**Student:** 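One structure is given below, represented as structure tokens, and several questions about it will come after.
Given the structure is predicted, the values throughout are model-derived calculations rather than measurements. Lettering of chains follows the sequences in order, A, B, ..., and the numbering in each one begins at 1.
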Amino acid sequence: MSATPRYRFAPSPTGYFHVGGARTALYNWLLALKNNGTFVLRIEDTDESRNEPQWTQGIIDALAWIGIDSNDPHFEGPYFQSTYAAEHVAAAHRLFEEGKAYYCDQTTEQIQERAKAAGLNGYDGFSRDRKLGPGPGHVLRFRVPEGKTIVNDTVRGSVEFENSTIEDFVLLRGNGTPVFLIANVVDDITMNITHVVRAEEHLPNTPKQQMLWEALGHTPPVWAHVPVLVNEQRKKLSKRRDKVAVEQYREEGILPEAMVNYLMTLGWAPSGDTEIVPLQKIQDEFRLEDVNHSPAFFDIKKLLSFNGEYIRLMSHDAFIAAANEVLTSSAATWSADRYKPEVFAAMAPLVQTRVAVMSEVVAMVDFLFLAEPPIDDAAFAKAFGSDFAVPTLSEISKAFETVEWNAESIKVAVETIGNQHDVKLGKLQGPLRVAITGRTVGPPLFEPIELLGRVESQRRIRAALVRAAG
RNA sequence: GGCCCCAUCGUCUAGUGGCCUAGGACACUACCCUCUCAAGGUAGCGGCACGGGUUCGAAUCCCGUUGGGGCUGCCA
């Protein structure tokens, strides 16, 4: 038994990184850090039909994003399962030589037919004693022993399987290549894995793998099966129907800290009355024994709420830096030369409390950088629907010619006009806001007006007035 | 169908036989604050699936029912 625990994360490279995988990886990673163990990354790339080398880099990048750093001393790998194919086959052959596995020539159709006729399901062990040798189309099957298999699971306690309900499963395909069950076990054995922490969907595989560990002469690892993540229909999160790609959340401006914190509150919770907590506290407190047993709904709304909170927690400078990144990216709707970082910096505090994801800052400040911000028709109709709109805006326009150009004076000037017309500032600012920003809602108005300057503000107000007249 | 897992507010959870007239968070509602919208503050709504046991005492232990979910490939 090795002195330090060795955990592993073994994704198959399928093109994107699943949030469920991210959570499983996080569990393993945190446990490795907490127990001064090792996190082994193994890419299970044995399904040649859907195996693309660039996916591997995607996985490493996604792991890095959630804080699992491949340069950290606790990180080991990546290993590639495909490079160990010879070992997998050798292990299977050893099992055959020891009589623990046997060859079978039955096709799927034949197996199904016999099962149907017998009123049973699955493979019935037809070839167990036929003493077949290897050959084209012959699969190697594991001879499931009699008795029962008890899986000791850190999350679920002990789970008992009657071996008679487990069919003699395939180890080697008809073409001689190994399947997942044996490849996974052989790799775990050679990599000295001590703890297998994975999603609950693997629980039915576990008795089979445990039998393989034992048949191969090794003590099985500590198992832990964590509940799956589900959608609002309570079905396992699926690539087809659900938004599961970590990369997509990253692009939309979810902060990694928020994602990590949120993921860790699914099936588990830190002590105390607050869920937004430092990663260190999570690392200190997290225990597999405390993980819930039932599936958890991946609630994007709550994720967004966490993210908004993390955005507000950022320092002034950090927020500006993060915002600058999206404002100078392809997400920007203006031509790059019109962007003025110092203008945004002045606005930053006003937008920081108003966005839940970083991508939202674009629409929050676009009117400052767009030469001609589009005016939403519905917004215009709403703002100019009242009879005070045009007269007050005209007066505002006049007042803007002479008012001292700073946010506070501008506000006072507008407020004064409101008083004369007996219209509260809250209503009065509507038409002005639409004229300036094109929208009915947005950050506080007078600061950006100051930033925009007298001339441009006047121009926009006049344009709106013309539109209202026409 | 078979095997396995699960069951506290709509959702995520705290709770490990008395501290529970069940706590927090998201969402929702109302009010306060307020130049719109947010943020913030206050209050509110809302739950131990059901039925039997065990016990002086059960959300917590046992059994059953019901309801969910996972697996059931020569995918991983």
**Student:** Scan for side-chain hydrogen bond (donor to acceptor under 3.5 Å, both in side chains) pairs involving residues 347-366 of chain A, sequence neighbours excluded, and state none if there are none.
**Tutor:**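 Qualifying pairs, neighbours excluded: A/D366-A/R439.
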**Student:** On RNA chain B, check which nucleotide each of A/A269 and A/L181 is closest to and give me the residue with the more 5' one.
**Tutor:**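 Closer to the 5' end of RNA chain B: A/A269.
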**Student:** Between A/K411 and B/C35, is there a contact of a side-chain N or O with OP1 or OP2 at under 4.0 Å?
**Tutor:** yes
**Student:** Please confirm whether any donor atom in the side chain of A/K302 sits under 3.5 Å from an acceptor in the base of B/C12, or the reverse.
**Tutor:**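 Looking at the base of B/C12, it does pair with a donor or acceptor on the side chain of A/K302 (distance under 3.5 Å).
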**Student:** Is A/Q429 reaching over with its side chain to a backbone N or O of A/G426, donor-acceptor style, under 3.5 angstrom?
**Tutor:** yes
**Student:** Here's a test of your reading of the structure: between A/N292 and A/R312, which maps to the more 5' nucleotide of RNA chain B?
**Tutor:** A/N292
**Student:** Choose from B/C35, B/A76, B/C37 the nucleotide whose nearest atom is closest to any side-chain atom of A/V179.
**Tutor:** B/A76
**Student:** How about A/F369 and A/F344: are their ring centroids closer than 6.0 Å?
**Tutor:**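 No, too far apart.
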**Student:** Can you figure out which of B/U11, B/A76, B/C37 approaches the side chain of A/E44 most closely?
**Tutor:** B/A76
**Student:** To the nearest Å, give me how far apart CG (A/D153) and P (B/C6) are.
**Tutor:**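 The answer, rounded to whole Å, is 9 Å.
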**Student:** Before accepting this row, confirm whether a basic side-chain N of the pair A/E252/A/K243 lies closer than 4.0 Å to the acidic partner's carboxylate O.
**Tutor:**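 A/K243 and A/E252: salt-bridged.
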**Student:** Given B/A76, B/U36, B/A27, identify the nucleotide with an atom nearest to the side chain of A/S305.
**Tutor:** B/A27
**Student:** Within the pair A/R234 and B/G67, is there a side-chain N or O less than 4.0 Å away from OP1 or OP2?
**Tutor:**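 No, A/R234 has no side-chain N/O under 4.0 Å of OP1/OP2 on B/G67.
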**Student:** In this structure, how many angstroms lie between the C1' atom of B/G73 and the CG atom of A/N175, rounded?
**Tutor:**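 Distance check: A/N175 CG to B/G73 C1' gives 14 Å.
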**Student:** With C1' as the reference atom in both, quote the distance from B/U66 to B/G24 in angstrom, rounded to an integer.
**Tutor:**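 Taking atom C1' in both B/U66 and B/G24, they lie 30 Å apart.
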**Student:** Run through A/F96, A/F126, A/F142 and flag the one making a ring-ring contact (aromatic ring centres under 6.0 Å, His included) with A/Y103.
**Tutor:**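 That would be A/F96.
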**Student:** Taking OP1 and OP2 of B/C71, is either one under 4.0 Å from a side-chain nitrogen or oxygen of A/K236?
**Tutor:** yes
**Student:** When we call it a touch if two heavy atoms are under 4.0 Å apart, what does A/E360 touch: a base, just sugar-phosphate, or nothing?
**Tutor:**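 No contact at all - A/E360 keeps every heavy atom at 4.0 Å or more from the nucleic acid.
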**Student:** Does NZ or CZ of A/K148 lie under 6.0 Å from the centre of the six-membered ring of A/F161, at an angle within 45° of the ring axis?
**Tutor:**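 Judged by the rule (NZ or CZ under 6.0 Å from the ring centre, within 45° of its axis), A/K148 is not positioned above A/F161.
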**Student:** Applying the Watson-Crick and G-U wobble criteria at under 3.5 Å, what pairs with B/A22? Answer none if nothing qualifies.
**Tutor:**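 Its partner: none found.
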**Student:** Between B/G47 and B/G64, how far is it from one P atom to the other, in whole Å?
**Tutor:** 29 Å
**Student:** I want to verify a distance call: between B/A76, B/C6, B/U36, whose nearest atom is closest to the A/H293 side chain?
**Tutor:**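 The listed nucleotide nearest to A/H293's side chain is B/C6.
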**Student:** In terms of side-chain heavy atoms of A/L203, which of B/U8, B/C5, B/G2 is nearest?
**Tutor:**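 Nearest to the side-chain atoms of A/L203, counting from C-beta on, is B/C5.
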**Student:** Regarding A/R130 and the six-membered ring of A/Y102, is the cationic atom NZ or CZ under 6.0 Å from the ring centre and inside 45° of its axis?
**Tutor:** no
**Student:** How would you summarise protein contacts on nucleotides 42-48 of chain B per nucleotide, using B for base, S for sugar-phosphate only and - for none, with heavy-atom distances below 4.0 Å?
**Tutor:** -------
**Student:** Less than 4.0 angstrom between a side-chain N/O of A/T265 and OP1 or OP2 of B/C12, yes or no?
**Tutor:** no
**Student:** Counting side-chain heavy atoms from C-beta on, which of B/C35, B/C6, B/C26 comes nearest to A/R156?
**Tutor:** B/C6
**Student:** Could you please spell out the steps behind the salt bridge (charged side-chain N to carboxylate O under 4.0 Å, His left out) verdict for A/D290 and A/R287?
**Tutor:** CA-CA 6 Å; A/D290 297 331; A/R287 292 173 359 122; 2.9 Å; yes
